[in-house]
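Naming convention: chains lettered A, B, ... in sequence-line order (proteins, then strands); numbering from 1 in each chain.
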2 protein chains.
Amino acid sequence: MRELVYGVLDKNRKALSLYEIEQQFDNVDRSTIFRTLKTFQDNLLIHSVDDGSGAVKYALCDDDCTCSLDDLHYHFLCTKCGQTHCLKNMPIPKVDLPEGFNFENANFVIKGTCPNCQG
Amino acid sequence: MRELVYGVLDKNRKALSLYEIEQQFDNVDRSTIFRTLKTFQDNLLIHSVDDGSGAVKYALCDDDCTCSLDDLHYHFLCTKCGQTHCLKNMPIPKVDLPEGFNFENANFVIKGTCPNCQG
DNA sequence: ATAACTTTGCAATACTGTTGCACGTAATTC
DNA sequence: GAATTACGTGCAACAGTATTGCAAAGTTAT
Ligand SMILES: [Mn+2]
Ligand SMILES: [Mn+2]
Ligand SMILES: [Zn+2]
Ligand SMILES: [Zn+2]
């Protein structure tokens with residue numbers, strides 16, 4: 001199962017929801033995939049994005065990625081097709097927080113139309 | 001009801017979830033508050049943030065704010081107390097998207113510890 | 001007073017995420 | 001190789017949030 005789920009994420013090259021992954025199989029239970037994704041996340045193979053679509057999405061990490069801290073990148077949710085893209089070449093900038101606020105993590109989601117949905 | 005809900009948001013000065021607002025009343029139904037918030041949002045009195053906590057949060061807009069487009073600011077979710085702050089004096093920077101991507105909207109959430117939760 | 005419209009509460013529903021449990025399979029130990 | 005242990009899977013149930021249909025109550029206009 002792990003190989004198959006990994007394969008789906010690898011093939012699609014974008015962030016997928018639990019449901020979307022489930023759709024790519026016949027007769028595999030949601031919970032199995034859920035737990036597989038959890039395992040992946042615990043072992044830093046994937047990262048998750050809450051893009052505001054209602055479902056958390058999952059995408060492969062790059063080999064050298066340590067998503068929990070330094071490899072944070074923008075994500076892009078297309079309002080037409082609903083696909084979520086990792087903008088991996090766009091690291092998020094350092095933010096100067098007001099006094100007393102302590103940075104731990106960030107989730108920067110941009111919404112708009114993706115290259116497939118222009119025109 | 002609208003005056004009361006507005007009052008709660010005004011008093012708290014931070015983004016509150018539907019549930020948190022509900023807690024501040026006796027015997028007011030969730031759906032009534034939900035619809036009140038929807039009305040506020042349709043009339044640009046408030047904006048909502050999906051901070052990844054599982055519940056959407058709502059906060060008052062400034063007088064001149066047109067949240068849908070230009071008045072986008074960072075939001076800060078405290079991982080200790082769970083409170084969400086509008087960093088209204090911190091407009092989000094312009095982002096240079098890759099070719100083909102079209103900016104419409106953004107949701108930038110930073111997680112960490114807030115001033116109340118240091119030490 | 002009557003009619004038309006709005007607001008509210010209740011209940012039901014949808015959707016996502018999450019967990020307990022039992023069972024089958026694989027790995028380990030003796 | 002048989003007994004034991006650990007692991008992976010499916011099913012079903014449950015939790016939390018968001019959302020809607022409907023009827024009753026309240027408000028405004030005629
Ligand atoms: Mn990503
Ligand atoms: Mn805000
Ligand atoms: Zn698209
Ligand atoms: Zn705090």
Nucleotide D:dT17, atom P - distance to CD of B:Q23 in whole Å: 10 Å
Nearest-Å distance for atom pair CG/P, residues B:L4 and C:dG9: 11 Å
First of A:S31 and A:Y19 reached from the 5' end of DNA chain C, by closest nucleotide: A:Y19
Distance, rounded to the nearest Å, where B:N27 contributes CG and D:dA25 contributes P: 17 Å
B:I33 CD1 to D:dA18 P, straight-line distance once rounded to whole Å: 12 Å
Atom pair distance, as rounded to whole Å: NZ in A:K57 and P in C:dC15: 16 Å
Rounded interatomic separation in angstrom, taking CG from B:D29 and P from D:dC22: 17 Å
Per B:R2 side chain, nearest of listed nucleotides D:dG10, C:dC10, C:dT7: C:dT7
Hydrophobic cluster of A:L77, others only, ordered by chain and residue number, side-chain cut-off 4.5 Å: A:V49, A:V109
Quiz item: A:R35 side-chain donor-acceptor pair to C:dG17 base, under 3.5 Å: no
Heavy-atom side-chain proximity of A:F103 to A:K94 below 4.5 angstrom: no
Position toward the 5' end of DNA chain D (nearest nucleotide), B:S53 or A:V28: A:V28
Between B:T84 and B:K57: side-chain donor-acceptor atoms closer than 3.5 Å: yes
Ring geometry between B:F108 and A:Y74 (parallel below 30°, tilted from 30 to 60°, perpendicular above 60°): tilted
Nucleotide D:dA13, atom C1' - distance to CZ of A:F34 in whole Å: 15 Å
Nucleotide nearest B:M1 when distance is taken to its side chain, options D:dG10, C:dT8, C:dG17: C:dT8
Rounded interatomic separation in angstrom, taking CZ from B:R30 and P from C:dA11: 12 Å
